[in-house]
Amino acid sequence: VSRPRADEGPQPPQYPGALPLIGHGHFFASGDSVVLWDVMQRISNYADCFSGVAGVRLGPKQIYVISDPDDSVTLSNAVLDKVFIYDLMKPFLGEGLLTGSVPIWKVHRKLLTPVFSQVSVDVMGGGQEDFGLSDDYIHATEEIYNILIQRFQKFWLHNDFIFNLSTLGKKQKKCLKECSGKNCWYDHEIQDEIDTLIVAGHDTSASTILYTLILLGSHPDIQERAFEEIAEVLGDRDVDKLEISKMVFLEAVLMESMRLYPIGPFIGRNIAESIKLKHYTLPAGSSAFIAIHALHRHKMWGEDAELFVPDRWLDKSRIPGHRAAFAAFSLGKRMCIGKNFALLSMKTTLAHLIRSFRFKSDISKLQLKVDIMLKPHAGHYISVERRT
Ligand code: HEM
């Protein structure tokens, strides 16, 4: 277990309930991703009571959960190395941007950044191709997320030898076979990046659109305002880049949905060298998770932080000035490379959906789980009615 040296300053408080040897492992051992979401929220609430940092131990691993905005910025700028759970994804995503080790990531990120500015322009210019992901591929990637989460929680499965012998390890092998092989003509590095872009870009945008529709379906007045804006801007024309930028209320709806339901609720870093935060020092050899969902409901957002209020995005004085106030696309140098493309494609999809259909749903019935991403547990009902 990593601990700061006495001269390194005070250590963050440990979340209560640690047992000898397994630490807090018993909270996670069920491998259930609904329970994981519940426990992670409880830990970040606990962190809020102690200057925004709290520790948990998963077997021998010391982990910190950070909900303080200043410390979140410090950590995401100073530490680029991803936490060990990303290594568990390497059989699938290799050295792609999301999971890549820092030296490889630096080269790939520099090469891919200009490509991404161009992608947004090309897509709106009409040059998009249909990826045509097979249902089997999509199902296999979803299975892999679930396996990863179960492996993360059962610390004895972090060991590759034990994992490969386990039922879960065998299941992962089968899913990996389903995801690879079809594109075997790719060079290995390109294959890693393609898989990464599919994983990072497909489910994130789809789930964010889902949360937006559930929220709109639960707030008919806001849905009608979005509809009226789209109808006024578009008339009976197709969406194009200029018109999409005029849909300011739709953008406010999307930002507010991502604030309440950030698809990546935690981002993890590996602390290779001890790092000094505002009140505490995190020791070398530990890991830290920034609690994005806690930043998004932080008291800096005001008393209505828990409510769906898209209008706040139309009034600058209601948006907190802190850099970590909104971190749905992460913070610092390793933030989402696909942010602009994602916003553009989600706004386009939503504009098409909202102008053609009326949605009804009930957000109060939403039960969440963390399968790497924040997902509705077992789907969610939305009724869809065609507008005449
Ligand atoms: C709603 C849409 C999206 C959200 C909320 C989102 C969010 C995020 C977050 C939180 C991270 C940081 C992950 C981490 O450090 O663990 C990230 C990284 C990344 N995202 Fe996105 N993302 C979205 C869409 C996309 C799209 C459409 C693409 C590409 C087509 C994409 C590509 C990536 C890549 C490659 C990384 C790794 C960046 C790096 O480490 O340099 N994302 N995204």
Side-chain angles (χ1 to χ4, degrees), residues 66 72 75-77 79-90 92-120 122-124 128-129 131 133 145 148-149 152 189-190 192-213 251 253-270 287-293 295-296 324 326-350 370 372-375:
I66 298 180
S72 301
L75 186 82
S76 54
N77 281 333
V79 186
L80 297 179
D81 197 12
K82 297 277 179 91
V83 74
F84 62 91
I85 187 170
Y86 294 78
D87 290 339
L88 307 182
M89 293 164 90
K90 280 196 177 175
F92 181 29
L93 301 180
E95 289 291 337
L97 279 185
L98 195 64
T99 43
S101 41
V102 177
I104 298 175
W105 168 80
K106 272 190 181 150
V107 179
H108 285 201
R109 178 88 193 202
K110 211 168 161 191
L111 286 170
L112 283 171
T113 298
V115 177
F116 264 85
S117 329
Q118 192 55 37
V119 164
S120 312
D122 285 351
V123 166
M124 289 315 288
Q128 74 269 46
E129 296 290 332
F131 268 109
L133 291 179
Y145 298 150
L148 284 169
I149 279 300
F152 166 68
E189 274 189 338
I190 298 173
D192 286 352
E193 292 301 356
I194 298 281
D195 281 337
T196 297
L197 293 180
I198 292 172
V199 164
H202 163 252
D203 222 358
T204 44
S205 304
S207 299
T208 301
I209 289 172
L210 172 69
Y211 287 124
T212 309
L213 295 180
E251 180 152 330
V253 165
L254 184 56
M255 297 299 280
E256 186 68 348
S257 306
M258 282 192 283
R259 184 184 71 80
L260 287 176
Y261 298 99
I263 181 80
F266 293 95
I267 51 169
R269 294 287 186 269
N270 174 40
S287 310
F289 285 90
I290 300 173
I292 306 287
H293 75 286
L295 295 173
H296 286 185
F326 182 78
F329 293 101
S330 185
L331 297 163
K333 288 186 186 153
R334 279 201 98 152
M335 78 177 291
C336 180
I337 199 171
K339 178 184 165 193
N340 292 340
F341 170 75
L343 287 173
L344 216 53
S345 70
M346 288 188 296
K347 268 181 86 175
T348 307
T349 309
L350 283 168
V370 186
I372 304 285
M373 291 177 217
L374 188 64
K375 292 279 191 78

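Just so you know, ligand 1 is whichever comes first in the structure, and atom 1 is the first atom listed for that ligand.
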Anything under 30° is parallel, anything over 60° is perpendicular, the rest tilted; go ahead and classify Y211 against Y261.
-> parallel
Distance in Å, L93 CG paired with I194 CD1, rounded so as to fall on 0.5 Å steps | 12.5 Å
Do the side chain of E251 and the main chain of K347 share a donor and acceptor less than 3.5 angstrom apart?
-> no
Can you tell me the protein heavy atom closest to atom 10 (C) of ligand 1 and the distance?
-> A328 O, 3.4 Å
Where is the nearest protein heavy atom to atom 1 (C) of ligand 1: which residue, which atom, and how far?
-> T208 OG1, 3.3 Å
Quick one: does M89 get within less than 4.0 Å of ligand 1, heavy atoms only?
-> no
4.5 Å side-chain heavy-atom contact, K82 and M89 | no
Answer yes or no: does an N/O atom from K82 fall short of 3.5 Å to an N/O atom of ligand 1?
-> yes
K333, any N or O under 3.5 Å of ligand 1 N or O | no
Would you mind running through ligand 1 and noting each atom that sits below 4.0 Å from a heavy atom of I267?
-> 13 (C), 14 (C), 15 (O), 16 (O)
In the protein, which heavy atom is nearest to atom 38 (C) of ligand 1, and how far is it?
-> R109 NH1, 3.4 Å
Atom 29 (C) of ligand 1: which protein heavy atom is closest, and how many Å away?
-> F116 CE2, 3.7 Å
Just by modelled atom types, is the A342 backbone N or O under 3.5 Å from a matching donor or acceptor in the S345 side chain?
-> yes
Would a 4.5 Å heavy-atom cut-off, applied to side chains only, mark I267 and V83 as touching?
-> no
Does a side-chain heavy-atom distance below 4.5 Å link K375 with L210?
-> no
I290 versus R269: any side-chain heavy-atom pair under 4.5 Å?
-> no
What do we get for H108 next to ligand 1 when only non-hydrogen atoms under 4.0 Å count, side chain, backbone, both or neither?
-> neither
Selected option - heavy-atom contact closest to atom 5 (C) of ligand 1, from I263, I85, V83 | I263
Is the backbone of D81 close enough, under 3.5 Å, to the side chain of N270 for a donor and an acceptor to pair up by distance?
-> no
Taken in chain and number order and not counting sequence neighbours, the residues that satisfy salt bridge (charged side-chain N to carboxylate O under 4.0 Å, His left out) with D87 are K90
Identity and distance of the protein heavy atom lying nearest atom 16 (O) of ligand 1 = Y86 OH, 2.3 Å
What are the protein N, O or S atoms, given as residue plus atom name, that sit under 2.8 Å from atom 21 (Fe) of ligand 1?
-> C336 SG
Is there side-chain contact between R109 and K333, with at least one heavy-atom pair below 4.5 Å?
-> no
When you measure from the side chain of R334 to the backbone N and O of L97, does any donor-acceptor pair fall under 3.5 Å?
-> yes
R269 heavy atoms within 4.0 Å reach ligand 1 at atoms 15 (O)
For ligand 1, is there an N or O atom under 3.5 Å from any N or O atom of R334?
-> yes
Within less than 4.0 angstrom of ligand 1, does M346 place any heavy atom?
-> yes
What are the atoms of ligand 1, with element, lying closer than 4.0 Å to any heavy atom of L97?
-> 35 (C), 39 (C), 40 (O)
Got F266 and H293 here, is their nearest side-chain heavy-atom distance under 4.5 Å?
-> yes
